[in-house]
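A quick write-up on the structure given underneath.
Throughout, a chain's letter reflects where its sequence line sits, starting with A, and its residues are numbered from 1.
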Amino acid sequence: MKVYNTLSGKKEEFVPIEEGKVSMYVCGPTVYNLIHIGNARPMIVFDTVRRYMEHKGYEVNYVSNFTDVDDKIIKKANEEGTDPSVISERYIGECKKDMEALHVKPATTHPKATCEIDGMIEMIETLIEKGHAYAAQDGTVYFKTRSFPGYGKLSHKNLDDLRSGGRSLLVSGEEQKQDPLDFVLWKPKKEGEPFWESPWCEGRPGWHIECSVMSRKYLGEEIDIHAGGEDLIFPHHENEIAQSEAANGKPFAKYWLHNGFLNIDNKKMSKSLGNFFTVRDISEKYDLQVLRFFMLSAHYRSPLNFSAELMEAAKNGLERIITCVSNLNFLLEKAGAQDLTDGEEKALVQAKDFVRKFDEAMDDDFNTADAVSAIFELVKFANTSVGEGASAAFIRALKDEIVELMDICGLTAERGQEMLDGEIESLIQERQDARKAKNFARADEIRDQLLEKGIILEDTREGVKWKRA
RNA sequence: GGCGCAGUAGCCAAGUGGUAAGGCAUGGGUCUGCAACACCCUGAUUCACCGGUUCAAAUCCGGUCUGCGCCUCCA
């Protein structure tokens, strides 16, 4: 399995620190509002990475934090006249609902920054002791960027470029910094802000230290994978590396994975442009599984454009796969013969090629676009090779393959066993009787009646099928 | 200014040296009482442009144009 490592700028063979196990940290959202579809991309793609790893037999320890102390949370709390924790708890709850609908598995641990303050203070103390950090007059603690030789290795920047190129870095008004590139580890409280006691002042942690501490606590000093959006490469992840490696004295994460941005009409999503969508917005029109499928249709490192048309296309494509599975289930019930014929055995060997293609695509830096295309090819194969007289074993084998590949992607291809109301069932029967008697007016009337209730009927050679709209 | 990414059919999107996957949409067909649904078939002599390397390039090198991101605790 190869993964693209931002650190080296190359695809590398994935070799976990401990055989058979994967430790993975994914930077989570700041919980000040409903998550937007951009937040959903890393959740979906790295959940898919996790699922694939698990499919390969790895035991994955997956940690993703909630940043629950932040200016925006405090601002919102002040606006509502409530405590910041009320805001963060509310949106953690909402975020978890969205994740569930997106089929993002809960992390092994979802740490919250506010519960890890002691660990942060401890790491900051270590950094000061080792000469990598210093406290200013007002109690602000800064990381001394120049003290860490590897600074810039992730984002491939060098300090001198940053100095000469940086715009506001030099005029940030933070003249108490020894160097403009130094960043905050601990900052003093302002009036009305939540705060914690510390050796330097009453205050709260900087953003970057949170992840270094939570990652170490739940996964250890050295981890396999650290992931997040590409915008986090600098400064967030660069700073995490500096903090963790300076404090622990050993390499931090072996592989750094970053997803590309989600754009709207090739523009960055922003509230000011009015092209801002929350996951909840999308859920009003689509099963969120469609959003997941849409995101998996491109490679995770590419920028991905979002639009209503593309969601429609994704919906139709996903529907094709789901329909195939439901057709197979339908045929399964009707299947006469149970055992595979020789021809069917050969066909199943052929079908394995698509499964192999799927695995090869995923092994190549999680190329979900290619993996999904393998599923489509398998669907086509099933559609063309399952005819009348196909054996139950054959149909089931193909169906199981499709369902399993979809499951690795976090997609549910098999509709649950939905029970028909006795009323609906009898209406369908009545319509069948009417059709037999060529009373098509009555038949159409019943069809319309059911349609109003969201039941779509399909008359096929094998009988009447129905589905919910 | 510094660093980086991208430009493949109407749209989306794989492919990174060996002669263009897959999906959506369109068109044709099958099925059907009709319809809807579904299914099958259908598409780039060509990969932004110009040069170069090579037996061979969408893929490598140089240049040009275009779009985008990061350098502001925005995933």
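- A:N367 has a side-chain polar atom (N or O) that falls below the 4.0 Å cut-off from OP1 or OP2 of B:G15.
- Among the nucleotides B:A75, B:G69, B:A21, the one closest to any side-chain atom of A:E230 is B:G69.
- Between B:A14, B:A75, B:C34, one nucleotide has an atom nearer to the side chain of A:D370 than all others, and that is B:A14.
- The partner of B:U19 is absent, by the rule that a Watson-Crick or G-U pair needs both atom distances under 3.5 Å.
- B:C65: Watson-Crick or G-U partner is B:G7, with both key distances under 3.5 Å.
- Of the candidate nucleotides B:G23, B:C12, B:A75, B:G23 has the atom nearest to the side chain of A:R320.
- Of the candidate nucleotides B:C70, B:C34, B:C41, B:C70 has the atom lying nearest to any side-chain atom of A:K157.
- Each of B:C24, B:C11, B:C39 was ranked by its minimum atom distance to the side chain of A:N316; first place goes to B:C24.
- Counting only heavy atoms from C-beta on, A:K268 has its side chain closest to B:C70 among B:C70, B:A13, B:A38.
- Rounded to whole Å, atom C1' of B:G23 lies 15 Å from atom NZ of A:K315.
- Nearest to the side chain of A:D364, among B:C70, B:G15, B:A38, sits B:G15.
- Of the candidate nucleotides B:C73, B:G22, B:G23, B:C73 has the atom lying nearest to any side-chain atom of A:K187.
- Ring geometry for A:F183 versus A:F143: interplanar angle under 30°, hence parallel rather than tilted (30 to 60°).
- A cation-pi arrangement is found for A:R301 relative to A:Y4, the charged atom lying closer than 6.0 Å to the ring centre and inside a 45° cone about the ring normal.
- Distances from the side chain of A:R435 to the nucleotides B:C70, B:A75, B:C34 place B:C34 closest.
- Minimum atom distance to the side chain of A:A369 is reached by B:A13, of the listed B:A13, B:G22, B:A35.
- Taking a pair to require two hydrogen-bonding distances under 3.5 Å in either a Watson-Crick or a G-U wobble arrangement, B:G43 remains unpaired.
- One interatomic measurement links the two molecules: CG of A:L450 to P of B:C37, which rounds to 17 Å at whole-angstrom precision.
- Side-chain nitrogen and oxygen atoms of A:K11 include none within less than 4.0 Å of the OP1 or OP2 phosphate oxygen of B:U16.
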